Amino acid sequence: MPTAREIMTPGAECIAADASVSEAAEKMASLDVGSLPVCGSDERLRGMLTDRDIVVKVLAIGKDPDSCRTGELARGRPVTVGADDDAREILRTMAAYKVRRLPVLDGHRLVGVVALADVARALPDAPVGDLMSAIAS
């Protein structure tokens, strides 16, 4: 069974928790991604920021994306997997939390992100189909 380290997209770039939401949106556009890990000044993961978060939690309610900070949106404990966790654990975690992307940690260091597409490429269809059903419900 492949591990997160084997199927993740390595080299995930963080956005600082004190960066503006506008900066995060620009970084997402330049990297062509829909989410960014949010890290504190200690380089520890604080959460994940998605393009949907920007739309729903900032733009749709009239907040100013230049004055709103990414750390404001990255509340709670981030859902992660360990670099050596196997694909079964990745599937369980994605299903339990109904998420499509997971930051991958090696100790406390962010080493990559594993997305549903990464899992789909690495595993047979049946487990991935079960995960899709769990996320959609």
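The shown structure was predicted, so the numbers you read here are calculated from the model rather than taken from an experiment. Throughout, numbering of the chain's residues begins at 1 and tracks the sequence.
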From CA spacing to verdict: side chain to side chain contact (heavy atoms under 4.5 Å, CB included), Thr80, Val104
CA-CA 6 Å; Thr80 65; Val104 180; over 6 Å; no
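With a 4.5 Å cut-off on side-chain heavy atoms, Arg101 and Thr50 count as touching. Looking only at side-chain heavy atoms (C-beta outward), Leu105 and Leu110 come within less than 4.5 Å of each other. Counting only heavy atoms from C-beta outward, the side chains of Met28 and Ile15 never approach each other to under 4.5 Å. Under the 4.5 Å side-chain criterion, counting only non-hydrogen atoms from C-beta, Arg69 is in contact with Ser20. Side-chain contact check for Arg121 versus Ile7: every heavy-atom pair is 4.5 Å or farther apart.
Shown here for Gly47 and Pro78, the closest heavy-atom pair between the two residues is CA-CB, 3.8 Å.
Between the side chain of Lys57 and the backbone N or O of Lys63, no donor-acceptor pair lies under 3.5 Å.
Under the side chain to side chain donor-acceptor pair (under 3.5 Å) rule, Ser22 has a single partner from Asp66, Asp64, Thr70, which is Asp66.
Checking Glu89 against Thr93 by side-chain atom types alone, a donor-acceptor pair falls below 3.5 Å.
Under the 4.5 Å side-chain heavy-atom criterion for grouping Ile, Leu, Val, Met, Phe, Trp and Tyr, Val81 is connected to Met94 within one hydrophobic cluster. Linking ILVMFWY side-chain heavy atoms closer than 4.5 Å, directly or via other members, places Leu31 and Leu45 in two distinct hydrophobic clusters.
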